[in-house]
Amino acid sequence: MNFNYECCECGKVYSGDKMMYVCPDCSKKQVPGFETRGVLFIRYDGKDFERVAKRVFSKKGRRDFFKYKELFPVEDDKNISGLDVGDSPVHFFDEKTYLFDDTRNPSCSYKDRASLLTTAKALDFGVDTIVAASTGNAASSLACITASLKGLRCILCIPENAPEAKITQMLMFGAEVVRIKGGYDDAFELSLKLTEQKGYFNRNTAFNPFTVEGKKSASYEIFDHFRDEMPDNIFVPVGDGVIISGIYKGLEELYLAGLIKKVPKIVACQAEGSSVIADSFKRGGKIVNDPDADTIADSILVQSPRNSIMAVEYLKKYGGDSVKVSDGHILSAMQELASGSGVFSEPAASCAFAGWKKYREDRKKEEKDLIILTGNGLKDIQSAQRQVAIPEPVKAEDYLSKV
Ligand SMILES: Cc1ncc(COP(=O)(O)O)c(C=O)c1O
Ligand SMILES: [Zn+2]
């Protein structure tokens, strides 16, 4: 579908003819290392969207990107990865609670939704190299999706402390990995220079507008699954605020097209030690970053969330809420979720489950809840091993004599 860019801060609209990253006006206020200024939305004509959406959602079949592709700005189908992104299962957890299991995507995280769209757009725009800065999942996801496409080189700028399992994924998928002496901000600045100086297509989260856009696809799947019985609350783990914004954008589109009667309440779940978006929202919207942020959940450990402006505005606009949980609760929730549902999720994803547990304690009414599980537990085995002890070997006959 044809689209324009619209700045999430000043509302200015720009033609979608060429690649644009951020609003030229608002980005003048950018302070390096802080929240991205002038993040752009992808906007379609409302009437066109409504017409196409009604047709798309009247069809049955797999709830994957190919079903919804007309609701995205992809020009050439050849540029879409054939890997199985999306069509994520919804598991029943208890009478009123469901799990949206995004741990089974090709690289085992929600990030594949954004990588699928950004790689398709890189190829649509005729670029042969894509670059990204990431602490882990976005980079391993980009490496994975790029490996499935012909003619796209992938360069990843990662901080030196990126987790080993995720670096191993990147290397196995054949990406060029630049492990920077420094943190995420240094990696981010290097990736921007590669884009400015070499013209490489940049996939940085909340900088490339197709990241939020790609991440809206889960909302379509949720609607397709629940239809007239949408959940009252959706629990989303939050770091930079791109996943939550993508989910809101998808729901907002469905709402404006008349397909859902209201936008469900989204509860932003953060770790107590890394809670800029939750705190800024509770404070009424003023973004205050936290240079000392720290949590065991590496994927949501963020000092200056890049998409905080959009995420907090969405929470305010649609009556969202937030909840914070301790690292101890995240770890115990991870184990409870795995042993109680069969879904093994990494600490960041388990934060949504821990957030749901805490939020539920303070609620009187029985409501339908959906918890978004965004990354697989095998990505961070060390954290999981804090919860369990590998048993000492025993002789089979000794064991048999005791049972
Ligand atoms: C597994 C997982 N969950 C949640 C998040 C949070 O997403 P966002 O940074 O868009 O808020 C991330 C981001 O890296 C992630 O990898
Ligand atoms: Zn602007």
Side-chain angles (χ1 to χ4, degrees), residues 6-11 35 39-44 46 49-50 53 57 68 71 96-98 100 110 113-114 206 209 211-270 275-287 300 305-324 351-352 355-356 358-360 362-363 365 367-372 374:
E6 183 195 304
C7 175
C8 84
E9 285 192 59
C10 71
E35 64 273 19
V39 179
L40 299 171
F41 284 115
I42 304 297
R43 292 289 194 216
Y44 310 97
F49 185 90
E50 188 174 329
F57 286 105
Y68 310 120
L71 304 172
K96 288 264 181 183
T97 312
Y98 297 81
F100 184 84
Y110 194 106
R113 297 174 181 276
T211 54
V212 172
E213 188 65 10
K215 288 179 179 182
K216 75 178 183 180
S217 57
S219 299
Y220 295 170
E221 292 178 34
I222 293 166
F223 168 63
D224 230 349
H225 181 87
F226 289 98
R227 295 288 171 152
D228 290 339
E229 295 176 2
M230 284 289 278
D232 300 298
N233 307 299
I234 303 180
F235 293 79
V236 180
V238 173
D240 277 307
V242 180
I243 293 181
I244 193 170
S245 300
I247 293 177
Y248 260 131
K249 182 173 192 264
L251 293 171
E252 179 174 59
E253 287 175 343
L254 296 172
Y255 173 68
L256 295 175
L259 288 160
I260 54 174
K261 290 194 191 66
K262 70 173 180 100
V263 171
K265 178 192 274 186
I266 295 191
V267 183
C269 303
Q270 291 209 284
S275 56
V276 170
I277 289 185
D279 294 341
S280 302
F281 167 65
K282 290 276 176 182
R283 216 182 279 119
K286 187 177 163 8
I287 308 292
I300 49 171
R306 302 285 163 157
N307 207 36
S308 53
I309 299 174
M310 188 189 286
V312 170
E313 277 313 302
Y314 262 136
L315 285 163
K316 283 168 50 184
K317 185 170 176 189
Y318 289 109
D321 206 346
S322 66
V323 62
K324 298 196 285 185
C351 178
W356 166 76
K358 182 164 176 191
Y359 201 78
R360 196 177 55 158
D362 305 333
R363 239 181 332 164
K365 254 197 324 194
E367 292 181 333
K368 187 190 279 187
D369 296 333
L370 178 70
I371 306 166
I372 311 286
T374 47

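- With values rounded to the nearest 0.5 angstrom, Ile371 atom CD1 is found 12.0 Å from Tyr98 atom OH.
- When atom types are taken as modelled, the side chain of Ser322 and the backbone of Ala268 share no donor-acceptor pair closer than 3.5 angstrom.
- By the side-chain contact (heavy atoms from CB on, under 4.5 Å) test, Ser245 is found to be paired with Val212, Asn307, Met310, Ala311, Tyr314, residues two or more places apart in sequence or in another chain being considered.
- Remark: Tyr255 OH is loosely packed, at most 12 non-hydrogen atoms of other residues, nucleotides or ligands lying under 6.0 Å away.
- Contact between Lys249 and Ile42 at its shortest, heavy atoms only, is NZ-O, 2.7 Å.
- Side-chain contact of Tyr359 with Asp321: a donor-acceptor pair under 3.5 Å is present, judged by distance alone.
- The heavy-atom pair separating Ser308 from Glu35 by the smallest distance is OG-CB, 3.4 Å.
- In this structure, Ser219 contributes its side chain and Ile247 its backbone to a donor-acceptor pair below 3.5 Å.
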**Prompt:** Where do Asp369 and Val267 land on the side chain to side chain contact (heavy atoms under 4.5 Å, CB included) test, with the steps shown first?
**Reply:** CA-CA 10 Å; Asp369 296 333; Val267 183; over 6 Å; no
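- Residues Phe281 and Gly320 come closest through the heavy atom pair CZ-O, 3.2 Å.
- One side chain, Asp224 or Tyr68, offers a donor N or O that lies under 3.5 Å from an acceptor on the other.
- Listed for the Lys215 side chain is no donor-acceptor partner under 3.5 Å among the backbone atoms of Ile244.
- When side chains are defined from C-beta on, Glu367 does not count as touching Lys265, because their heavy atoms never get closer than 4.5 Å.
- Side chain of Gln270 to main chain of Ala278: a donor-acceptor pair is present (N/O by atom type, distance under 3.5 Å, no hydrogens or angles).
- Closest of all the heavy-atom pairs between Leu71 and Lys216 is O-NZ, 2.8 Å.
- Within the model, atoms NZ of Lys282 and CD1 of Ile277 stand 14.0 Å from one another, a figure rounded to the nearest 0.5 Å.
- Across all their heavy atoms, Gly284 and Lys316 have their closest contact at O-NZ, 3.2 Å.
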**side chain to side chain contact (heavy atoms under 4.5 Å, CB included) assessment of Tyr248 paired with Leu315** = CA-CA 9 Å; Tyr248 260 131; Leu315 285 163; 3.8 Å; yes
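- Between atom CD1 of residue Ile300 and atom OG1 of residue Thr374 there is a gap of 8.0 Å, rounded to the nearest 0.5 Å.
- Distance check: Met230 CE to Leu254 CG gives 6.5 Å after rounding to the nearest 0.5 Å.
- We find the CZ-CD1 distance between Phe57 and Ile260 to be 9.5 Å, quoted to the nearest 0.5 Å.
- Closest of all the heavy-atom pairs between Ile287 and Ile309 is CD1-N, 4.2 Å.
- Partner Arg43 forms a side chain to side chain donor-acceptor pair (under 3.5 Å) with one of Glu213, Glu253, Glu6 and no other, that one being Glu6.
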**Asked** Does the pair Leu251 and Ile222 meet the rule for a side chain to side chain contact (heavy atoms under 4.5 Å, CB included), with working shown?
**Response** CA-CA 9 Å; Leu251 293 171; Ile222 293 166; 5.6 Å; no
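- Put simply, the side chain of Ser217 gets close to the backbone of Gly214: a donor and an acceptor are under 3.5 Å apart.
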**Request:** Could you go through the side chain to side chain contact (heavy atoms under 4.5 Å, CB included) check for Tyr318 and Lys262 one step at a time?
**Result:** CA-CA 9 Å; Tyr318 289 109; Lys262 70 173 180 100; over 6 Å; no
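- With sequence neighbours left out, the side-chain contact (heavy atoms from CB on, under 4.5 Å) criterion links Ala218 to Phe100, Tyr110, Arg113.
- A salt bridge is defined here as a Lys NZ or Arg NE, NH1 or NH2 lying under 4.0 Å from an Asp or Glu carboxylate O, and Lys324 with Asp279 meets this definition.
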